[in-house]
Every structure is written in C-alpha cells, then in structure tokens.
Amino acid sequence: MIIVMEKNAGHEKIGQVTSKLESKGFQVHLSEGVERTIIGGIGQRTQEVIELFESLPGVEKVVPILNPFKLASREFKQETTTIQVDNQSIGDLNVQIIAGPCAVEGRDEYLEVAQMLKEAGATMLRGGAFKPRTSPYSFQGLEREGLEILKEAKEITGLPVVTEIVDPRIVDMIADFADILQVGARNMQNFFLLKELGRVKKPVLLKRGPSATIEEWIMAAEYIMSSGNKNVILCERGIRTFEKHTRNTLDISAVPIIKQLTHLPIIVDPSHGTGKWELVEPMTLAAVAAGCDGVMVEVHQNPSEALSDGPQSLKPNNFNNLVKKVNNLRIALQASKGESVVEV
Ligand code: PEP
Ligand code: MN
C-alpha cells in the first residue's frame with residue numbers, strides 16, 4: 001500500500017508512520033518528493049491496517065496497490081524513472097542506441113567494431129563474454145578475457161558497456177567490468193540470480209523471457225528491486241508464438257503497456273526479436289515510434305563469419321543508416337508532441 005503524507009508533514013510524523021509499518025512487519029520504501037512524502041509499505045494489507053494508518057497524524061490517505069508488483073508499479077511511483085549511466089540517462093527523452101556483436105569474439109575485431117559504432121552514433125556498446133547457448137557445443141564466449149576487451153573498448157570509445165551475467169557466483173566480477181548487467185531471456189526467472197543483482201550498485205537490463213507474460217516479467221524486476229537495486233531497465237526481445245517466419249515475435253505493444261503499468265525504462269531488441277537482419281530496421285523504427293527509451297541492436301563487421309547470431313546482425317554501413325533514421329524519427333516524434341527537441 002501507499003501512504004500519502006500531508007503536504008509538509010514533518011520528519012516526526014513520517015518517522016511515526018515508518019516505525020509503525022516496521023512494527024507491523026512491513027517493508028518500508030520512502031519517496032521524498034518536493035511537495036510531499038510518499039511511503040510505500042509492502043506486507044500483509046487488511047482493511048484494519050488501512051484504517052489504522054489513515055488515523056495516524058500527518059497521513060492524508062492510504063492507497064492500496066492492487067497489482068502483484070509493487071515497487072515497479074506506476075501507482076507506487078508516478079514519475080518515470082531515469083537511470084544514469086556515466087553521462088547518459090535512460091528513461092528521459094533520449095533514445096539510447098546500444099550496439100555491438102552478439103559475442104566478443106576477439107580483441108582486434110571488437111575494438112575495431114566498437115570504434116565504427118561510436119562514429120556511427122551508438123551511445124552504448126554491447127557484447128557477450130559469457131554466452132548462454134542452446135547447444136553446449138556452440139561457442140560459449142571468451143569469458144574473463146571478453147570482459148577485459150569490453151573494458152578496453154570503453155576506455156577507447158568512452159561508451160558505457162552492457163554485458164550478460166549468467167551466474168550468480170560472479171555478479172561482483174561482472175559488475176567490476178560492465179556499466180549495465182544484462183539478464184538474458186533464459187534467465188529472467190532465475191530468482192537467485194535476480195536476488196544477487198539486488199545487491200549490485202549498477203543498473204540491470206532485464207530481458208523478457210521467451211514465454212513470459214508481461215506480469216511475470218515485471219515480477220522478475222520486482223525481485224531485483226525488492227532486493228535493493230531500483231535501477232532496472234526492461235528489454236522486450238520477442239516471445240515464442242506459433243509464428244515461424246521470425247525467430248521470435250517482437251511484442252511492440254509491450255512498450256506502451258510497460259509505460260502504463262510501471263515507471264521503469266524499456267528498451268527493445270529487434271535483433272533477437274526477429275532473428276533476421278532485414279527486419280531490424282523496420283522493427284527498430286516501430287519500437288521508437290511506440291515510445292521505447294532505447295534499442296539494442298547486434299552489429300558485426302562480417303555477419304556470415306559471426307560465431308553467434310550472424311543472420312540477425314547488421315553490417316556497420318546498415319547500422320550507420322539506421323542511426324540516422326532513428327534520430328530523424330525521434331526528432332519528428334518530439335516535434336509532433338510539441339516537445340523541445342533533445343539533440344544527442
Ligand atoms: C543476447 O543479447 O545476446 C542474448 C543472448 O539475448 P536473449 O537473452 O534475448 O536471447
Ligand atoms: Mn545474440
């Protein structure tokens with residue numbers, strides 16, 4: 001439930017409410033706004049409890065949160081969350097363009113593509129060092145060496161790096177190298193991993209599971225948030241349907257639904273969402289038009305030689321064109337809403 005305090009209710013009254021919540025076994029989340037403080041209480045809510053809190057001094061009203069997700073919900077926090085990564089922010093008017101090969105395959109190749117991506121206008125780099133593959137015989141990633149290459153790419157380009165975490169035992173190691181820790185679709189409901197990520201200070205990019213409903217996906221975000229890390233970015237990457245023409249079915253409607261239900265930023269991955277490089281541009285533009293906060297796109301110098309996900313990887317020149325189209329679309333969308341245009 002949410003306890004809305006009266007305007008200018010002082011520290012003493014806020015303190016009384018939070019102590020009462022704790023004594024009743026509630027987890028307390030304080031949100032101090034400019035005008036008033038809102039206190040989130042997560043625990044067993046009964047009519048009796050609501051009435052008790054409504055009667056406390058300084059309390060304006062008590063609003064129950066009906067959704068099973070609490071901390072992620074728009075009811076709990078009305079302002080959209082903006083996540084800061086170095087000098088960039090995800091969740092405001094920007095459209096982040098995260099790009100890179102599926103996997104870090106080697107130092108020279110990665111540093112070369114990273115430089116190309118930076119010049120083309122990518123705002124962050126991606127690349128898997130630990131690769132969860134369907135087959136145990138497929139390339140599994142360069143592991144720690146891959147992380148070191150990502151770090152070097154960041155030093156050279158100045159762009160933040162996103163990489164996947166698959167193992168709860170090495171969360172701290174990945175957090176030492178990456179700016180954003182990606183939870184892959186297959187691990188969306190690895191609750192031990194999610195809880196470990198709650199301890200980390202870096203943002204987590206949480207991909208939607210291949211068969212997850214939107215509610216299950218938000219509940220996975222709730223695991224990370226309730227374990228202490230509020231910086232969660234959701235990533236729609238397609239779900240499994242009966243359609244075989246594409247690798248997955250990219251659910252663009254998830255973008256406005258997530259915006260309605262939660263205050264978290266959402267990005268879209270049209271590469272895994274379609275599995276076909278020719279579909280990456282139209283689906284990227286559709287995602288931006290739907291209001292996403294960024295896209296994550298796979299790019300490889302030589303897709304036919306890629307060790308993973310070549311068929312869905314753009315060549316650098318196609319990526320170059322894509323960035324121009326995304327920026328034109330973004331400017332047109334902002335102008336059509338009467339918003340002042342934010343240059344990137
Ligand atoms: C990836 O981003 O390379 C990846 C493995 O994605 P997903 O978890 O969405 O399949
Ligand atoms: Mn991939």
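Read the numbers this way: they start at 1 and go in the same order the structure lists the ligands and their atoms. All values reported here derive from a predicted model rather than from experimental measurement.
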D176 with K151: basic N within carboxylate O range, under 4.0 Å: no
Over 12 non-hydrogen atoms of neighbours within 6.0 angstrom of CD in Q44: no
What's the verdict on side-chain contact (heavy atoms from CB on, under 4.5 Å) for E298 and R126, showing C-alpha distance, side-chain angles and the deciding distance? CA-CA 8 Å; E298 287 185 340; R126 63 149 288 146; 3.4 Å; yes
Identify, chain by chain and in numerical order, each protein residue with a heavy atom under 4.0 Å from an atom of ligand 1. C102, R126, K131, E164, Q182, G184, A185, R186, K207, R237, H272, E298
Using only N, O or S atoms, tell me which atom of D309 is closest to the Mn ion (ligand 2). OD2
Checking salt bridge (Lys or Arg N to Asp or Glu O under 4.0 Å) between D269 and each of R208, R247, K207, which is the one that passes? K207
Of the N, O or S atoms in E298, the one nearest the Mn ion (ligand 2): OE2
Decide yes or no on side-chain hydrogen bond (donor to acceptor under 3.5 Å, both in side chains) for R237 and S271, but give the supporting numbers first. CA-CA 8 Å; R237 49 76 75 199; S271 306; over 6 Å; no
Would you verify whether the NZ or CZ of K70 falls within 45 degrees of the ring axis of F76 while also being under 6.0 Å from that six-membered ring's centre? no
Calculate the angle formed at the Mn ion (ligand 2) by SG in C102 and NE2 in H272; 10° precision is enough. 170°
Does K13 pair with E6 as a salt bridge, N-O distance under 4.0 Å? no
